[in-house]
Amino acid sequence: MAPTHRAPASDARPDTAGPAKAATATRAGRRPALGHPLLRHGLWALAALAAVALLTAATGPVTDLRVADVGLHLLAVAGLQLLVGTSGQVSLGHGAFMFVGAYTMALLVVNLPAVPLAAGMAAACAAGCLAGLAVGAATARLHGPYLAGATLMLAVGLPAVALRFPDLLGGANGLAFTAIGAPPALSGLVDDTQWRALVVWTVALIGLVVLATATRGRLGRHLRALRDDPTAAALSGIPVGRARVTAFVISAGAGSLAGACQAYVLGTATPSTYALTLSLVLLAALVLGGLGSLWGAFWAALAIVYVEVAGTELAHALELDTDVRNNLPVVFFGAVLIIIVLAWPRGVHGALSALGRHRSTPSQTGDS
Amino acid sequence: MDGHVLSVEQLTVAFGGLTALDRVTFDVPHRSVVGLIGPNGAGKTTVFNAVSGVVRPREGTLRRHGRPLRRHRPHHLPRLGISRMLQGLGLFPGMTVLENVMVGADPLATGGLPGMLTGLGRAPRDERRVRERAEAALHEFGVADTAHALPGTLPYGVQKRVALARACVCSPELLLLDEPASGLAADEVSELAERVRGMRAHGSVLLVEHHMDLVMRVCDRVVVLDFGRVIADGTPDEVRADPAVERAYLGPPEGDGDLLAPDGPEEARDGR
Amino acid sequence: TGAGQTGEGAEADLDVSTGVTDDTVTIGAHMPLTGPAAPGYSQISVGAQAVYDFVNANGGVHGRTIEYLAEDDAYDPTRTVEVTRELVHQDEIFAMVGGLGTPTHSKVVDFLNTEGVPDLFPSSGALMWNDPEKYPLTYGYQVDYTKESKILGEYISEEFEDAKVGYLLQNDDVGVDSQRGLDMYLQDQAVSVEHYESGAEDLSAQIAGLEREGAEVVVCACIPNYVALGLLESARIGYEPQFITSSIGGDTVTLRGLLSSFAEQAGSGGDPDDFLNGLMTLGYLPPVELGGDDPWVAFLRGVYDEYGGDAPLSNTTVYGMVQAVQFVRALEAAGEDPTRASLIEALESLEPGGPGLVPFSSTGEDRGGYAGGFITRYEDGELEMVRDPAVTDNAEGDIEPAEVDRPLPEDIGPLAQG
Amino acid sequence: MEHFANLTLNGLATGAVYAALALSLVLIYQATRVLNFAQPAFALVSAYLAYAVTAATGSYWAGFAAALAAGALLGAATERLLVRPLRNASPLSPIIATLGLLMVLQGAVGMVWGNEPLSFAYPLDYRGRFSPADAFALASVLLVALALFALYRFTPAGLRMRAAAIRPEAARLSGVRVGAVLASAWALASAIGALAGMLAAPPFLTPNAFDLVFVFAIAAAVAGGLENPFGAVAGGLAVGVLLSYVTGYAGPELTALAALVVLLTVLALKPDGLFSRAAARKV
Amino acid sequence: MAADPALRAASAPPALRTEGLTVHYGAVRALDTVDLEVAPGALHAVLGANGAGKTTFLRAASGLHPPRSGRVLLFGEDVTGAPAEELVRRGLLHVPEGGGVLTELTVEENLRLGGLVRRGRAARAAALGEVYDLFEPLRERRTRSASSLSGGERQMLAIGRALMAGPRVILLDEPSLGLAPLITRRIMHLLQDLRSRTGLTVVLVEQNARTALRASDRAHVLDQGAVATEGPSADLLGDPRVRAAYLGL
Ligand SMILES: Nc1ncnc2c1ncn2[C@@H]1O[C@H](COP(=O)(O)OP(=O)(O)OP(=O)(O)O)[C@@H](O)[C@H]1O
Ligand SMILES: Nc1ncnc2c1ncn2[C@@H]1O[C@H](COP(=O)(O)OP(=O)(O)OP(=O)(O)O)[C@@H](O)[C@H]1O
Ligand SMILES: [Mg+2]
Ligand SMILES: [Mg+2]
């Protein structure tokens, strides 16, 4: 009794039951792996790094800074993607982990200038993972809005630690420092900003390779399973609580590494940078970019950096009253968010891949 | 070590004021199919929940091969050689059929977290093995051609088979099936009966079902629950003949003006 | 090498006139124009812009108009770093004039100095701007928090000899630096120190704390919002200490506006002055209340009426306007063909006088900007000088009477043409 | 001891504001399972409108009425134009859309009224340890909570609202006009949000004035449990009092941290908030 | 049989009638020009294999899924395109596949919700009593959350909720799913009883053809979204070709 009906090849039924259900099935199973996953992802990463190198070589310091900004936000959002898109835990407090990373980096540079950069990054990542472990363990039993509320408070509450210990963490002024720039050997080839952009992208791509490998493999499968149906996941042998915490730890590690990159590039770590807005923007951008795929994180990072720029430039280009001009970038960002979410409920990546499928097969969109 | 894959002894489960199971006792022998039937709300699913560690019994013991099972959690089931198919299927809607079944096969993998993060060490081999096992299961259940579809897009009968494939992919020693025949057409039920009977070759099955035809056809033993108590326990024929079972569950066998009265010998046992 | 081991950067070349064209000079600033920290500051750039518009309309400085780019950083240091780099690398400003805020500006002061961008008159009373060794291109503007609170502290210790004193401090460098100055004189009198977080909506716990300790004099190192909130909250619970504010919170025009809705409810005739009467504040710029009695106030009001916004001229506006005036003076002194080096030279030779009522220091070892202040008492729209202008340092030094030689607006070239 | 009493009273007064906003959040969560990030913006726009109307008419209560009306309108329009089109998208989408709306409205308020603080009157005399204005805030919040509770538990409208929220399709099959019910739930919730705005706005109103209020309102709603209006009120008042104690006894920089710790503790003990019912059966 | 549907059909318009009903899911045609007529007071079965389109037919008829073309008539009135909630007010009740109970509400709240379209407090109270009489387990669990119910209890609740509305036409999607044999029979009896007492019209979708054909007067058999055959149930049950090809009997 072979099934008489062929499943429609395209979309899932619209289903609103679980969080992040709109995430597409990843291609994990689709075609036989092209060699070792690490090799495959590594090659991608090298190609991306080369592209960044070319881009920064061709442009000036302002673009370099933005490229670095895109890189570190890519890492942060990719970490959030694992947590929200893959494991279905909505966190409104990802900025708190960036805070941890930034301050770890800043403290090391300020107090132990002899520690090499790579060690600083590793320390930041470890600190983030620890923070993620603590937060994940404290919130493992929470779901939906309760998790969202708790993480929201985390985003607001954690930066206050800096105010509590002004002598160590610099209080409201935070810490300022200058981190090492391009090595002297390369001084003719790359300038400091360019070098920093390359360092950020190297770190980000290493992080992405790990995230991609984890998402595509058994861990990702487990996280998606518990996102879709925690009870069935548990009965299939997945330790739900531990898997949730693992997702938090990895995601926090990535966020923290991104924070460390930010501190390294800008030479500052200040509580007001890690205010609630940052966390909200990260999550909003993630949804805008598209849940469930690392490409979504890429579009998200681009949006975080360039929608802002576009809004500011728009404000400058138009002859406007001061109050209107000042507030235009905020309104612009909000409007872009609304329009994209309404027009492409599955984000930029979802829209693009639907377009790709549309090209190759006749239209088969789901109906409600 | 005795021969029972599962022994349920004096199992009592209560929810607030409601006693869902009251000193329930029965065994599932090695390589057998045991049916668990009873009216709606009798506590059949609750027995499964207790066995799978979803609810904690108030009293009583569960034994596997004579060894007591205590404080086990749902995710320990695969390790215990137990596998469960949920009443509502419980497929993961955001994952493909193949991935769904791979989740079931994942307990075969042995690598740890570092491997999962880096793809190094045992991870690639694990992955290959899991995938091969899952693909084999899909073949076995005749759903290989849907491997890359999302379950939501498939007919219900196909989804059922996917769920069954996921439950069986690790060749469990004890399979818990909760109403596997509901929503299936008559021919599909027959096929299901074949499969369940075939499973006796590897292990045992505890089957909850309202489809009497299926129960009578495949079970070696039938346990009947009513209001959380065992009211009958025996071979299918013994149970059928039990007046208490008839009163509580099956209803009068012969229709007096009953529209649903069976009309032919080969259908005589169809309760639906 | 370690991540924090940076070598000495190469000396930036100052003999350049980046940002200067035949007919324009582009300068930049960063400030919070949006977000929770924006309220209270927007009048600064409005005031500065009014002065530049006036100057530009009257032929500019040596024939060049001034383009003033005030960029929003939302008081987030990360954004400050970004917009500052954009200003320097993309907009190619000649100088940074009036970058606002300690946490923000402190993150770019290194960068500006290594890039060779003159960093003039940051809008902050932090002590670090006056550090020629470390930041040779940075010149302070506002009287620093410690100096002004020393003057306040001495005044209180003399005039309210036996009174119990409470502090109400903003929980950042404003509070820390202010407390240092106050403590030099009030250590024995201080009974209570309350803090608030900027962004908080409520001071009830703090005011209750001050009342509990019986503070008869309350010194606020707060921005106007919190001075108003403190006055209102005290009125609510019937607590009537003598309020004394430092310069950042003493803008009585703004305070009047903030309190305008509550006078009526207080049922006493409906004038916000009921809250403000008796308030003492420290100042260094000419307060707008002086009106036509002061040539600079008269002049700035004229400029503002023509080029400013709709909001009434406040002391915050004057703050931005004087900042601009000081830059215009420096730019004029930098010569026909200004370079960054000549701008720095001009600053070094700037007359210590200016619109302010205390000396302005931008030479040699002291680049702290305004060096002291005076204290006034508010009564029905009038200010009474209760402590004449004085100057001091931010260490153990004495407080001395100030002599200042104020030029008139018409003495300053680009302003005189109007 | 007197200080303690003062802090408590102050805390209750600010807590009433958190409670009001938390109530509106709970109502919307009940209606659509959306955490409405635009709620503070509705409150903000309403309060600014009230300011304008009061300035034009000279009557506080005319402004008050205008605020409630504006809130209701904004809520209904948002449900219709932003949330309903996204009902089949991922549950995060409407949340993010309301976040976008928050930015747009906050910016728009800044564009129209500027970012400088406005002086915003209290509804009644604000003087006194526990002033008429404080009493008004507390009383109105309690009244609203009571009314909401009655609405949920005892009226068909409340039943329809809950049904429409939980399973729109099943509700439709029971004859519930889901669209209309949800729009009116949003309107009601946002009118309550506007009330929160009117209570929170004095003394000074800026475009970001409600940011922190919103954060604490969420904490309150979550701690109390999103299922129950009394949870929101209890949560709001508790948060208000807690923050007042922390400010008064430990230091204002610790308020957010203290709220975090308390929230995590509460949720560790009761993952669905203090007033939640027993967890649902899963299999 | 109590009333002769054929007789009534002659005098009154059909309770439910579809003309050329066609439904698409995206590009997939799930229902293809289905014509169907149900006389008032009839018990009509719709049969077919998995995925034949039975559920789709009910969803289109009850206004949950707007058809691409074709018409739906309720007692002679064209209701094509009317939303489901309006049809409920006109007496058309749909018990969806799997019941669709509101698990966050209590049992009684679920039932009260179903009764809201009914006028009159007394009528609602009476209906509630009737449903409890019918499904005793629900009465015992009235204050419990519906999520605590067993699979079969949920199915009872779903049917009970539909009955609360006082339906004139009821569409049942696999009502026997998960129900014990005794209860299934009781439901079938109940339907028989209701239609003879109140003239209720029933459209019954069943996987299990034999049960459905025994209980019904007439039946349609769907195959791949189109009507394969139709006729009086007894004839279909007796026709070996139909049994073999479509019913798997
Ligand atoms: N978590 C729970 N909380 C409260 N009551 C519960 C819970 N789980 C089960 N029950 C009650 O326990 C009884 C037994 O339920 P169970 O699901 O085991 O029945 P069942 O025999 O599987 O019935 P069905 O054949 O209808 O699925 C039912 O009355 C049910 O309402
Ligand atoms: N939302 C949907 N999107 C895409 N295809 C769908 C959707 N719903 C149903 N289908 C397809 O339409 C066809 C008819 O489905 P339908 O559910 O109506 O069948 P059915 O006869 O009720 O089957 P079952 O006995 O399994 O309930 C099937 O092929 C199914 O896969
Ligand atoms: Mg069951
Ligand atoms: Mg169906």
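Chain letters run A, B, ... following the sequence lines, proteins first, then strands; residues in each count from 1. The shown structure was predicted, so the numbers you read here are calculated from the model rather than taken from an experiment.
Using a 4.5 Å heavy-atom cutoff, the side chains of D/F37 and A/L92 are in contact. The shortest side-chain heavy-atom distance between D/M103 and A/V281 falls under the 4.5 Å cut-off. Taking the side chain as every heavy atom from C-beta outward, A/L342 and D/P85 approach each other to under 4.5 Å.
Shortest non-hydrogen contact noted between A/R141 and D/P271 is NH2-CG, 3.2 Å. A pairwise comparison of heavy atoms in A/P345 and D/L86 identifies CB-CD2, 4.3 Å as the closest pair. Residues D/E227 and A/Y146 approach most closely at N-OH, 4.4 Å, considering heavy atoms.
Residues of residues 155-167 of chain A that come within less than 4.5 angstrom of chain D, heavy atom to heavy atom, are A/V156, A/G157, A/L158, A/A160, A/V161, A/L163, A/R164 in numerical order. For residues 325-336 of chain A, heavy-atom neighbours of chain D at less than 4.5 Å comprise A/N327, A/L328, A/V330, A/V331, A/F333, A/G334, A/A335, sorted by residue number.
Going from atom CD1 of D/I96 over to atom CG of A/L286 covers 8.0 Å, rounded to the nearest 0.5 Å. The structure places CG of A/L337 at 10.5 Å from CG of D/L102, a figure rounded to the nearest 0.5 Å. Here the CG-OG distance, from A/L288 to D/S93, works out to 10.0 Å after rounding to the nearest 0.5 Å. D/I95 CD1 to A/L283 CG: the interatomic distance, rounded to the nearest 0.5 Å, is 8.0 Å. Rounded to the nearest 0.5 angstrom, D/D272 CG and A/H143 NE2 are separated by 4.0 Å.
Contact tally against chain D (heavy-atom pairs below 4.5 Å) for A/G149, A/A172, A/P145: the top residue is A/P145. Ranked by heavy-atom pairs under 4.5 Å with chain D, the list A/A150, A/A148, A/A140, A/G144 is led by A/A150. Between chain A and the options D/V266, D/V261, D/V215, D/L35, heavy-atom pairs under 4.5 Å are most frequent for D/V215. Contact tally against chain A (heavy-atom pairs below 4.5 Å) for D/A219, D/G225, D/G110, D/A259: the top residue is D/G110.
Of the two parts of D/L82, the backbone and the side chain both hold a non-hydrogen atom closer than 4.5 Å to a non-hydrogen atom of chain A. For A/L280, the parts lying near chain D are the backbone and the side chain together; criterion is any non-hydrogen pair under 4.5 Å. Both the backbone and the side chain of D/L226 come within contact range of chain A, with heavy atoms under 4.5 Å apart. If you measure heavy-atom distances from D/L267 to chain A, the contacts under 4.5 Å come from both the backbone and the side chain. In this structure, chain D has no heavy atom under 4.5 Å from any part of A/T322. Heavy atoms of D/L25 lying under 4.5 Å from chain A are absent altogether. Only the side chain of D/L264 comes within contact range of chain A, with heavy atoms under 4.5 Å apart.
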